[in-house]
A.B. asks: 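Provided herewith is a single structure, encoded as structure tokens, for subsequent inquiry.
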Amino acid sequence: MDAVKPARIEILGVPVDCVSMTTALDYVDELLRGGEAGTVLAINPEKVIKARQDPVLLGQLKTAALLIPDGIGIVGAARLLGLANIERVPGIDLMMRICERAAERGYRVFLYGAVPEVNAAASEALAAAFPGLRIVGRQHGYLSEAEMPALVSAINNSGADILLAALGSPRQEQWMATHLAQLRIKVCQGVGGSFDVLAGTVRRAPASWRDRNMEWAYRLLSQPRRLMRQTALPRFAFQVLGKWLSRSPRQGHTSG
Ligand code: UDP
């Protein structure tokens with residue numbers, strides 16, 4: 001049966017899709033069977049704040065095929081504002097499930113992004129995790145603009161169905177907006193810093209932290225350089241609270 005396009009809500013004017021891990025994966029399957037390339041992007045509080053200040057990024061998010069609720073802040077805001085009862089779908093977990101499915105079904109994967117050693121180590125880690133996974137090409141994420149046509153040709157010539165783009169945000173969204181139309185792929189997922197986690201250069205929060213929805217705090221403590229970036233978290237919380245306080249008591253299910 002065909003997967004239904006997920007319902008899309010807006011949190012502070014930024015879109016996000018009401019999906020679980022299962023329905024997100026079903027929708028990716030649908031994209032893989034379809035004709036045109038679609039992008040899969042993660043929405044977290046940091047990206048909401050960025051997109052509110054950057055109309056170009058907001059426009060790029062709006063054209064995405066699938067916008068997963070990546071941060072617990074997104075899940076909490078959607079519930080508080082009475083928009084939807086969604087669950088968290090971390091981008092790195094979806095990436096792993098997509099690769100698992102690609103290994104089972106023979107889809108070809110291309111890895112683009114991160115420094116050369118990390119890109120190579122991420123590829124090895126995926127190949128080890130999913131025997132039979134067809135990684136048909138890879139490229140580190142520090143090419144010049146002049147090298148882009150060659151990269152587009154390399155991706156198209158590889159026959160890749162799935163492109164994992166790990167350039168960080170908003171660089172990966174910009175890259176997709178510029179190049180997606182030239183690519184003969186089916187799915188392009190923006191995976192941010194996930195190759196660093198796969199390569200082991202950045203440690204993901206232990207499961208006990210993840211289970212308590214404290215992955216954001218672990219990232220903050222283990223990568224203090226992110227502190228400035230993470231000022232987005234309190235700003236997001238204040239803006240969501242402001243939105244909640246300004247709602248009329250009867251306003252249950254309008255767009256945030
Ligand atoms: N990166 C890249 N090319 C660039 C800048 C960054 O490939 O020109 C990579 C960088 O090496 C890292 C990832 O993009 O692997 C950014 O990770 P970050 O954790 O900052 O991304 P986020 O998940 O927060 O968007």
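Computed from a prediction, not measured in an experiment: that's the story for all the values here. Order of listing sets the numbers, starting from 1, for every ligand and every atom in it.
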A.B. asks: Is the closest basic N to carboxylate O distance between D161 and R134 below 4.0 Å?
C.D. replies: no
A.B. asks: Using a strict 4.0 Å threshold on nitrogen-to-oxygen distance, state whether K47 and D70 make a salt bridge.
C.D. replies: no
A.B. asks: Would you mind running through ligand 1 and noting each atom that sits below 4.0 Å from a heavy atom of S169?
C.D. replies: 25 (O)
A.B. asks: How long is the gap from CD on Q139 to OG on S158, to the nearest 0.5 Å?
C.D. replies: 11.5 Å
A.B. asks: Would you say G113 and ligand 1 have an N/O pair spaced under 3.5 Å apart?
C.D. replies: no
A.B. asks: Heavy-atom distances under 4.0 Å decide this one: backbone, side chain, both or neither, for R171 against ligand 1?
C.D. replies: side chain
A.B. asks: Output the list of atoms in ligand 1 that are nearer than 4.0 Å to some heavy atom of V115, sorted by atom number.
C.D. replies: 11 (O)
A.B. asks: Would you say that P45 contacts I74 through its side chain, given a criterion of any heavy-atom pair below 4.5 Å between the two side chains?
C.D. replies: yes
A.B. asks: Taking ring-ring contact (aromatic ring centres under 6.0 Å, His included) as the test, write out the residues that go with F130, two or more places apart.
C.D. replies: none
A.B. asks: Check whether any N or O atom of V191, backbone or side chain, sits under 3.5 Å from an N or O atom of ligand 1, and answer yes or no.
C.D. replies: no
A.B. asks: When hydrophobic residues are tied together by side-chain contacts of less than 4.5 Å, even through go-betweens, does I49 share a cluster with L67?
C.D. replies: yes
A.B. asks: Identify which of A166, A122, G91, G168 has a heavy atom lying nearest to atom 16 (C) of ligand 1.
C.D. replies: G168
A.B. asks: May I ask whether D196 has any heavy atom positioned less than 4.0 angstrom from an atom of ligand 1?
C.D. replies: yes
A.B. asks: Taking distance alone, with N or O pairs closer than 3.5 Å, would you say Y142 contacts ligand 1?
C.D. replies: yes
